Each structure stands twice: as structure tokens, then as C-alpha cells.
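Structure, as C-alpha cells:
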Amino acid sequence: MYNIYDLVTAKILRYLMGTDLLLGLISLITSLIAAIVGLGGGMMLIALLPLFLAAPVIIPIHAIAQIASNSSRVAFAVKDVRWTYFLPFFIGSLIGAFLFGFLLFNISTDYIPLGIGLYILLKLWCKPFVQNIEKYENPYLIGFLQSGLGVIVGATGPLTLSYLASKLSDRNQIIATSALFMTFSHLAKIPIFGMIGVSLWDYKETVLIMVIGSVMGSWLGTKIRIRIDNDKLLLAIQWLLTVLAINMIARTII
């Protein structure tokens with residue numbers, strides 16, 4: 001259930017811009033953030049989508065926007081991609097996506113925002129949760145967990161980023177390689193939602209505008225990455241994600 005603040009804010013923004021343009025702008029900003037610091041954009045996007053979209057289409061539309069965001073980020077920085085870990089990650093991703101996909105048949109889509117909110121809070125603030133996840137340094141398992149959990153909660157980019165940060169020392173290489181991994185992680189979700197009957201045809205204009213916004217954000221973020229103070233931006237993103245996650249949980253259970 002949405003609270004009064006959510007309803008009024010969303011209604012005003014829709015009136016001023018229209019839902020599609022607003023989601024396009026949100027996609028641009030979140031893609032820009034991800035291109036600059038390597039994480040946060042996907043989690044921020046999926047935290048905002050429940051304000052504008054029906055629960056069953058949140059993760060599929062998020063996946064398409066993230067495919068556009070990450071694949072364009074790879075294209076704009078392909079020289080920085082390190083391919084060493086890609087094949088085992090990709091194999092693990094396929095297995096994880098299909099195994100976790102079967103869980104969707106037994107989970108009410110009404111509770112997807114609750115799962116997303118809990119995941120974001122655990123990832124941001126629960127050190128034992130983060131430490132246990134980060135123990136899985138094998139790229140097969142990272143791919144399995146990232147794409148598998150992604151089917152349920154949508155945004156799991158920090159899993160890949162933390163793994164690559166332990167293997168690579170160059171920030172540009174970490175961000176570009178993480179974008180490659182995330183592209184295929186999100187691609188692995190699309191057949192799953194097709195299998196359970198989720199149709200996005202009624203959202204085709206929304207998806208197109210969000211894709212355009214995502215690509216523009218990747219281009220801008222790649223250009224200005226070296227000028228941004230990462231620490232300050234990451235702190236702001238962390239607190240914004242926290243507020244959004246709590247809001248998502250409250251709307252679901254109240």
C-alpha cells in the first residue's frame with residue numbers, strides 16, 4: 001500500500017512530465033551513477049520502480065533497462081574489459097537463473113518489493129550477510145548467486161563488484177568488467193519471465209524510453225567518471241537507498 005507522500009509525489013511528477021518521460025529520466029540518472037561508481041544505479045532504479053509500475057513487471061522491465069545500461073557501458077569502455085572470468089560466470093548465471101526461476105511459480109508477485117527492500121538493507125548494513133556472500137569467490141558461484149538471486153530481488157550488482165574488486169586494481173577495469181557480467185546476468189532473466197507468462201507489450205513505450213535514458217546515462221557517466229569524488233557519492237547513494245528500501249518494505253506490509 002502506498003502512503004500519502006508516495007501518492008502525492010508520484011502524481012505531481014506524472015502530471016509534470018508523464019510517467020514514461022519520468023522513468024526515462026530516472027533510468028538516465030541511475031545509469032549515470034552506475035557508470036561513475038560501478039554500483040548503486042540498478043538498486044536505486046528497482047527501489048523506485050514500484051512507485052510507477054505493477055509488481056509483476058518490475059523485475060522484467062528493470063532487467064531490460066539494466067541490459068541497456070550495462071551493455072552500453074561495456075561498449076563505451078570495451079578496452080577496459082577483462083575477459084578472464086567471463087565464461088565460468090556466464091555458466092553459473094544460466095544455472096542460477098533457471099533454478100531460482102522456478103521459485104517464482106510459488107511466490108506472490110505482490111511481495112517482490114518486500115524482497116527487494118530487505119535485500120538492499122541487508123546488503124548495505126548487515127556485515128555478516130555481506131561477509132557470507134563475499135566468501136563465494138569462485139566465478140561459477142558468483143554467477144549462480146548473482147543471476148539466481150537477481151530473478152527474485154532484481155539488483156545484485158554488488159556481488160560482482162566486490163568479487164572483481166578483489167581481483168583487479170584498476171577502477172575502470174572493475175566497472176567495465178562488472179558491466180559485462182551484469183549484462184548477461186540480466187539477459188538470463190528474460191526467458192524466465194516469458195515462461196511464467198509476464199508480457200511487456202503494454203509497456204513497450206515505457207521500455208523504449210527507459211532504454212534510451214539508460215544508454216545516455218552510461219555515455220555521460222563514462223565521460224565524467226574521473227572527475228567525481230567516489231566516496232561522497234557512494235555515501236549519498238547508501239543513505240538514499242536505505243530510505244527507499246524502508247519505504248518499499250513499509251508499503252508492502254502496511
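Hydrogens, waters and symmetry mates are skipped; everything else that's a heavy atom, side chains included, is used. Quick caveat, the model's predicted, so the values are computed rather than measured.
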Who pairs with T242 by side chain to side chain donor-acceptor pair (under 3.5 Å), at least two apart in sequence or on another chain?
W125
I need the R225 CZ to I36 CD1 distance, nearest 0.5 Å.
8.5 Å
Is there a continuous path of hydrophobic side-chain contacts, each under 4.5 Å between heavy atoms, that joins I212 to Y203?
yes
Name all residues meeting the side chain to side chain contact (heavy atoms under 4.5 Å, CB included) criterion together with F184; count only those two or more places apart in sequence or in a different chain, and write none if there are none.
F86, F90, L180, L187
Looking only at non-hydrogen atoms, find the nearest pair between I175 and A34 and report the distance.
CG2-O, 4.2 Å
Residue set satisfying side chain to side chain donor-acceptor pair (under 3.5 Å) with D170, at least two apart, ordered chain then number -> none
Between I33 and G41, what is the shortest heavy-atom contact and its length?
CG2-N, 4.2 Å
Just do the side chain to side chain contact (heavy atoms under 4.5 Å, CB included) check on T84 and K167 with the steps written out, would you?
CA-CA 11 Å; T84 305; K167 303 296 181 182; over 6 Å; no
When rounded to the nearest 0.5 angstrom, what is the spacing between CG in L94 and CZ in F89?
10.0 Å
With side-chain hydrogen bond (donor to acceptor under 3.5 Å, both in side chains) as the rule and sequence neighbours excluded, what pairs involving residues 204-218 come up?
D20-T206, S31-S218, S72-S218
Identify, with sequence neighbours excluded, every residue that meets ring pair (Phe, Tyr, Trp, His ring centres under 6.0 Å) alongside F100.
F144
Set of residues satisfying side chain to side chain contact (heavy atoms under 4.5 Å, CB included) with respect to I64, sequence neighbours excluded:
I190, L200, V207, V211
When rounded to the nearest 0.5 angstrom, what distance separates CD1 in I61 from CG in L45?
10.0 Å
Decide whether W239 and L122 are clustered together by the hydrophobic rule: side chain heavy atoms of Ile, Leu, Val, Met, Phe, Trp, Tyr closer than 4.5 Å, transitively.
yes
Applying side chain to side chain contact (heavy atoms under 4.5 Å, CB included) to L28 and L220, what does each step give before you reach the verdict?
CA-CA 9 Å; L28 187 154; L220 288 171; 4.3 Å; yes
Which residues pass the side chain to side chain donor-acceptor pair (under 3.5 Å) test with S147, not counting sequence neighbours?
S93, S185
Between S71 (side chain) and T183 (backbone), is there a donor-acceptor pair under 3.5 Å?
no
Looking at SG of C126 and CG of L118, how far apart are the two atoms once the value is rounded to the nearest 0.5 Å?
11.5 Å
Let me have the donor-acceptor pairs involving side chains of residues 47-56, under 3.5 Å, with sequence neighbours excluded, atom names and distances please.
none

Test V74 against V81 for side chain to side chain contact (heavy atoms under 4.5 Å, CB included), laying out the working first.
CA-CA 7 Å; V74 172; V81 174; 4.0 Å; yes
Could you pull out the closest heavy-atom pair between H62 and G42, with the gap in Å?
NE2-O, 2.9 Å
For T160, does its backbone N or O pair with a side-chain atom of Q146 as donor and acceptor, under 3.5 Å?
yes
Counting N and O atoms only, with roles assigned by atom type, does the side chain of N247 sit under 3.5 Å from a partner on the main chain of V243, one being a donor and the other an acceptor?
no
Sorted by chain and number, sequence neighbours left out, side chain to side chain contact (heavy atoms under 4.5 Å, CB included) with L87 holds for I91
How close do A179 and R73 get, heavy atom to heavy atom, and via which atoms?
CB-NE, 3.8 Å
Could you see if I224 belongs to whatever hydrophobic cluster contains L25? Use Ile, Leu, Val, Met, Phe, Trp, Tyr and a side-chain cutoff under 4.5 Å.
yes
Distance check, rounded to the nearest 0.5 Å: M44 atom CE versus I26 atom CD1?
10.5 Å
